[in-house]
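Structure first, commentary second.
Here the structure is a predicted model, which means the values were calculated and not measured.
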Amino acid sequence: MNIKELENKHIAVLLSGGVDSSVVLYELVRQGLQPDCFYIKIGPEEEEEWDCSSEEDLEMATAVSHKYGCKLEVIDCHREYWDQVTQYTMDKVRAGLTPNPDVMCNRLIKFGAFHEKRGHDYDLIATGHYATTERDPANLPCLGEATNTPPTQGEKERVWLCTSPDPVKDQTDFLAQIYDWQLAKALFPIGHMMKDEVREIAEREHLVNAKRKDSQGICFLGKINYNDYLRRYLGELPGDVVELETGKLIGHHKGHWFHTIGQRKGMGLGGGPWFVVKKDIEQNIIYVSHGYDPETAYKQDFPIRDFHHLTLPLEECFNYPLTSHPSPLTPHEVTIKIRHTPEFIPATLESQGNGRYLVHAAQPIHGVAPGQFCVIYDNRHHRCYGSGEITV
């Protein structure tokens with residue numbers, strides 16, 4: 001959206017305390033806008049026991065909002081987070097899967113619970129995600145596939161989620177499970193920038209968090225170790241570690257949920273390296289392969305289920321023209337990601353109906369794990385079409 005389109009919009013900015021969302025606020029204020037700022041509180045339950053950075057985050061967000069004369073409101077989504085996202089995470093890892101809590105946090109909390117509490121009062125919700133959007137010139141109805149879609153009147157323009165020019169920071173994979181009505185309200189003011197450019201702006205404007213390091217790992221954990229988090233909710237469940245090729249007992253694990261397919265570090269096994277290549281949940285056995293590049297650690301063909309489309313059903317996307325790439329697409333030729341990396345892998349899709357597809361990657365992929373989201377893009381990795389859960 002250009003500045004003219006934003007002038008009459010009521011905008012909420014989600015400030016996290018990091019440099020990205022702070023530059024978002026600067027960019028909007030620089031254009032003469034006066035958004036309202038919000039800090040979403042989703043910290044751990046026992047903050048005195050868990051070394052969490054949420055207090056420092058709030059201090060940073062407060063300083064930045066005051067710098068630009070914007071009010072800051074703290075929205076407590078603690079209960080919603082731990083009831084919904086934590087429940088999702090624990091259910092998946094208990095079943096032997098590899099979940100992505102950050103993906104569900106965007107759908108259920110940043111564009112979900114926040115919308116229910118305060119976001120419904122605003123036309124747009126601005127975040128510091130590295131992503132862009134394209135809007136169709138014609139007004140077309142949104143799909144409204146969410147069961148909790150807010151009531152709407154009339155028609156909305158159709159919105160596409162598109163990648164950032166910064167391949168390292170691109171976060172469309174984390175947004176690929178949000179609903180179409182959430183995407184229609186999303187605003188990504190720094191999505192067209194490179195990370196270095198954002199840092200330069202922050203330093204030039206003397207933002208308090210200009211040199212603050214980017215957060216690593218899962219958004220809500222702060223400095224908390226992920227395994228400690230799992231241990232608190234699931235405990236331990238000792239079992240055997242077995243070499244896949246020989247059936248030889250290699251060692252023992254403290255719980256299959258502490259390990260994921262493709263993992264190499266943190267196994268505590270001698271004579272390595274060892275890669276986790278399979279899990280037998282019923283028998284509580286983790287299977288590993290030995291070597292630096294075992295063939296069993298790779299997959300080239302795998303199924304996905306419950307495909308969640310962002311804008312249009314996947315089959316319709318293939319014949320829909322790209323604004324910036326008008327040449328036609330080859331049916332079912334796509335690019336994919338299965339984790340947050342700069343690389344997009346060419347692939348083809350084979351529909352099996354009911355939101356299920358077989359993915360045929362152009363090359364073997366390391367660490368394909370059930371429960372991960374396979375994110376689907378056009379074959380030029382420009383538009384993100386949505387994502388499905390990798391299954392077995």
Between [X] and [Y], what is the shortest heavy-atom contact and its length?
X: T335; Y: P346; answer: CG2-CA, 4.1 Å
X: L310; Y: I178; answer: CD2-O, 3.4 Å
X: A361; Y: I345; answer: CB-CG2, 4.3 Å
X: Y292; Y: P294; answer: C-CD, 3.6 Å
X: S387; Y: F373; answer: OG-CD2, 4.1 Å
X: G388; Y: F307; answer: N-CD1, 3.7 Å

How about [X] and [Y]: do any of their side-chain heavy atoms sit closer than 4.5 Å?
X: E56; Y: M60; result: yes
X: L97; Y: E389; result: yes
X: R158; Y: L312; result: yes
X: P101; Y: Y81; result: yes
X: T127; Y: K110; result: no
X: V64; Y: Y26; result: no
X: L72; Y: L58; result: yes
X: S65; Y: K71; result: no

With no hydrogens and no angle check, is any side-chain donor or acceptor of [X] less than 3.5 Å from a backbone partner on [Y]?
X: H252; Y: P238; answer: no
X: N354; Y: R356; answer: no
X: H256; Y: I281; answer: no
X: H309; Y: T311; answer: no
X: W257; Y: G235; answer: yes
X: K279; Y: H259; answer: yes
X: D280; Y: I285; answer: no

Any chance you could measure [X], atom [atom1], to [Y], atom [atom2], to the nearest 0.5 Å?
X: R135; Y: C162; atom1: CZ; atom2: SG; answer: 11.0 Å
X: L33; Y: E7; atom1: CG; atom2: CD; answer: 7.5 Å
X: D20; Y: L25; atom1: CG; atom2: CG; answer: 13.0 Å
X: L161; Y: Q171; atom1: CG; atom2: CD; answer: 11.0 Å
X: F38; Y: S21; atom1: CZ; atom2: OG; answer: 14.0 Å
X: I336; Y: D173; atom1: CD1; atom2: CG; answer: 12.5 Å

Using a distance-only test with no angle check, is there a side-chain donor-acceptor pair under 3.5 angstrom linking [X] and [Y]?
X: E134; Y: H382; answer: yes
X: H360; Y: E350; answer: yes
X: Q87; Y: D91; answer: yes
X: T172; Y: D170; answer: yes
X: Y88; Y: R107; answer: no

Counterpart residues, side-chain contact (heavy atoms from CB on, under 4.5 Å), relative to L108 (two or more places apart) | Q84, V85, M104

Check the angle between the aromatic planes of F344 and H381 and answer parallel, tilted or perpendicular using the 30° and 60° thresholds.
-> parallel

Specify whether Y233 and Y229 have parallel, tilted or perpendicular ring planes, treating 30° as the upper limit for parallel and 60° as the lower limit for perpendicular.
->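 Taking Y229 first and then Y233, their aromatic rings stand perpendicular (interplane angle over 60°).
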
Which of Q372, K299, H366 passes side-chain contact (heavy atoms from CB on, under 4.5 Å) with I338? Answer is Q372

Could K67 and E205 be called an ion pair, given the rule that one side-chain N must be under 4.0 Å from one carboxylate O?
-> no

Could you walk me through whether H115 and Y122 pass the ring-ring contact (aromatic ring centres under 6.0 Å, His included) test, one step at a time?
-> CA-CA 9 Å; H115 187 274; Y122 293 83; 9.9 Å; no

Quick check, are the ring centers of H340 and F174 under 6.0 angstrom apart?
->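 Yes, the ring of H340 comes within the 6.0 Å limit of the ring of F174, centre to centre.
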
Evaluate salt bridge (Lys or Arg N to Asp or Glu O under 4.0 Å) for D196 paired with R199, printing each intermediate quantity in order.
-> CA-CA 5 Å; D196 289 346; R199 286 281 184 195; over 6 Å; no

Any chance you could lay out the side chain to side chain donor-acceptor pair (under 3.5 Å) test for H129 and N106, step after step, and finish with the verdict?
-> CA-CA 10 Å; H129 285 102; N106 282 320; 3.2 Å; yes

Partner of W160 by side chain to side chain donor-acceptor pair (under 3.5 Å), out of T133, D378, T132, D136 |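 The option that passes is D136.
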
